[in-house]
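Below: the structure, in structure tokens.
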Amino acid sequence: MSVAELETVPDGDWASTLTDDEVRSGLTLWAGRLAAGEATFLDLVGELDAREAWGGVGIKSAAHWLGWQCSLNASTAREHVRVARALRELPLVRAAFAGAALSFSQVRALTRVATADSEASLLDIARHSTAA
């Protein structure tokens, strides 16, 4: 079985049967899939937050709801809400993230500093840089 064919996590020690090239290509393939999935997740977080669909007895915020329903710790949940809010104002960054051109770490860093005016130039830099 190749890494690209995986739909679910197989049982056993399947990764040890892969060649070094398959391990490396599998890692980059799945990093892209994770980024695209995280972008979708953050679209939904942004919508939950904008609609205030998180409300309920004892629920204080979108981050509180994420912690409860998605098993995130409080700081991670708050950061996801912050990034989701920022992405709603940064369509170029959001599209690059959804297209797996950026990692969540890169997007998180970009959303701390990018504005509508600086988004394109910062995105160009980010595409050729690590998250650090």
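Computed from a predicted structure; not experimentally measured.
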* Is L29 reachable from F97 through a run of I, L, V, M, F, W or Y residues, each pair having side-chain heavy atoms under 4.5 Å apart? ->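 No, because F97 and L29 fall into different hydrophobic clusters, even though each may have its own neighbours under 4.5 Å.
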* Asked: With the 4.5 Å side-chain cut-off for hydrophobic clustering, are L48 and I59 part of the same group?
  ->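 Cluster IDs for L48 and I59 match.
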Non-hydrogen side-chain atoms of [X] and [Y] separated by less than 4.5 Å:
X    : Y   : value
L102 : V93 : yes
V83  : V45 : no
F104 : L42 : yes

* Non-neighbouring partners of A95 that pass side chain to side chain contact (heavy atoms under 4.5 Å, CB included), sequence neighbours left out ->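 Result, side chain to side chain contact (heavy atoms under 4.5 Å, CB included) vs A95: none returned.
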* Residue list, side chain to side chain contact (heavy atoms under 4.5 Å, CB included) with N73, at least two apart or on another chain ->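 Only S75, T76 meet the side chain to side chain contact (heavy atoms under 4.5 Å, CB included) criterion with N73.
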Could you pull out the closest heavy-atom pair between [X] and [Y], with the gap in Å?
X    : Y    : value
G46  : A84  : N-CB, 3.6 Å
A116 : L90  : N-CD2, 4.2 Å
A131 : A109 : O-CB, 4.4 Å
G67  : A77  : N-CB, 4.1 Å
A100 : A35  : CA-CB, 4.2 Å

* **Nearest-0.5 Å distance, CH2 of residue W54 to CG of residue L66** =>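 Result: 11.0 Å between the selected atoms.
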Provide the full list of side-chain hydrogen bond (donor to acceptor under 3.5 Å, both in side chains) pairs with a residue in [range], sequence neighbours left out, each pair given once.
range            : value
residues 77-96   : E38-H80, D43-R94, E47-R88, D49-R85, E79-R82, E79-R112, R82-T111
residues 120-132 : none
residues 61-70   : none

[X]: what forms a side-chain hydrogen bond (donor to acceptor under 3.5 Å, both in side chains) with it, not counting sequence neighbours?
X    : result
S71  : none
S105 : none
R24  : D21
D117 : none

* Test log, rule side chain to side chain contact (heavy atoms under 4.5 Å, CB included), inputs F41 and C70 -> CA-CA 11 Å; F41 179 80; C70 299; 4.2 Å; yes
* Under 3.5 Å, is there a donor-acceptor pair between the side chain of Q106 and the main chain of A126? ->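 Checking the backbone N and O of A126 against the side chain of Q106, a donor-acceptor pair under 3.5 Å is found.
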